[in-house]
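Heads up: numbering here begins at 1 and tracks the sequence.
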Amino acid sequence: QLQLMESGGGFVQPGGSLTLSCTASMSAMKNYVIAWFRQAPGKEREGISFITMGGSMKNYVDSVKGRFIISRDDTKNTVYLQMSRLNVEDTAVYYCAAGRSPIFIEKGYESWGVGTQVTVSS
């Protein structure tokens with residue numbers, strides 16, 4: 001099973017930027033749809049972006065559209081989430097997940113990372 005590890009989280013002021021990375025244990029990552037989910041305090045986990053195999057399709061939820069960019073480098077077994085114009089509502093634990101279908105439903109993903117904390121605060 002693919003093992004995933006997120007990195008790049010941290011503390012940032014409103015309006016700032018962060019780039020998250022999701023690195024896989026195997027080159028098989030290129031055969032998966034990779035999604036980013038997040039869970040804010042007291043809220044359910046939500047899917048915010050995914051990228052299909054080869055990067056042919058990318059999708060974003062409305063709350064991050066125009067501010068976040070997802071990309072993948074299969075030579076490095078890594079998917080990135082560039083986040084800009086961050087606001088306090090983006091504070092959450094961010095997870096990456098690997099699956100077979102380009103959807104925002106958790107059960108569609110078979111491998112998950114442990115998450116990385118992003119805190120946006122002044």
With Tyr94, which of Arg38, Glu6, Gln117 fulfils side chain to side chain donor-acceptor pair (under 3.5 Å)?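 That would be Arg38.
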Begin with the C-alpha distance, continue with both residues' side-chain angles, and end with the deciding distance and a verdict on side-chain contact (heavy atoms from CB on, under 4.5 Å) for Met53 and Val33. CA-CA 6 Å; Met53 291 79 85; Val33 174; 3.7 Å; yes
Could you go through the side-chain contact (heavy atoms from CB on, under 4.5 Å) check for Phe104 and Ile48 one step at a time? CA-CA 7 Å; Phe104 283 133; Ile48 57 172; 5.7 Å; no
Same cluster or not: are [X] and [Y] linked, directly or through other Ile, Leu, Val, Met, Phe, Trp or Tyr residues, by side-chain heavy atoms under 4.5 angstrom apart?
| X | Y | value |
| --- | --- | --- |
| Phe50 | Ile69 | yes |
| Leu20 | Phe68 | yes |
| Met26 | Leu4 | yes |
| Val93 | Trp36 | yes |
| Met57 | Tyr60 | yes |

Testing the basics here: between Gly66 and Arg85, what is the closest heavy-atom pair and its distance to 0.1 Å?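 So the two residues come closest at O-NH2, 2.7 Å.
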Heavy-atom closest pair, residues Gln39 and Lys43: NE2-O, 3.1 Å
Looking only at side-chain N and O atoms, does Arg100 offer a donor or acceptor that is under 3.5 Å from a partner on Tyr32?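 Yes, Arg100 and Tyr32 have a side-chain donor paired with an acceptor closer than 3.5 Å.
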Does any N or O in the side chain of [X] come within less than 3.5 Å of the main-chain N or O of [Y], such that one atom is a donor and the other an acceptor?
| X | Y | answer |
| --- | --- | --- |
| Tyr109 | Ile103 | yes |
| Gln82 | Ser71 | no |
| Ser21 | Tyr80 | no |
| Ser84 | Arg67 | yes |

Determine whether Asn87 and Pro14 make a side-chain contact, defined as any pair of heavy atoms from C-beta on separated by less than 4.5 Å. no
Taking side chain as C-beta onward, heavy atoms only, is Arg72 less than 4.5 Å from Ile34? yes
Evaluate Val12 against Met83 for side-chain contact (heavy atoms from CB on, under 4.5 Å), listing each step before the verdict. CA-CA 11 Å; Val12 63; Met83 307 186 295; over 6 Å; no
Rounding to 0.5 Å, atoms OG (Ser27) and CG (Asp74) come to a distance of 9.0 Å
What distance separates Asn77 CG from Met5 CE, expressed to the nearest 0.5 Å?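 These two atoms lie 14.0 Å from each other.
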Hey, can you tell me if Trp112 and Phe37 have their rings parallel, tilted or perpendicular (30° and 60° cut-offs)?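 The arrangement is tilted - the two ring planes meet at 30° to 60°.
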Tell me, yes or no, whether the heavy-atom count around Gln3 atom CD, taken from other residues, nucleotides or ligands under 6.0 Å, exceeds 12.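 Count not over threshold, so no.
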Just wondering, more than 12 heavy atoms not from Lys65 lying within 6.0 Å of its NZ?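 Atom NZ in Lys65 is packed in, count exceeds 12.
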Which residue, Ile70, Ile51, Val64, Val118, forms the side chain to side chain contact (heavy atoms under 4.5 Å, CB included) with Leu81?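 Of all the options given, the one that passes is Ile70.
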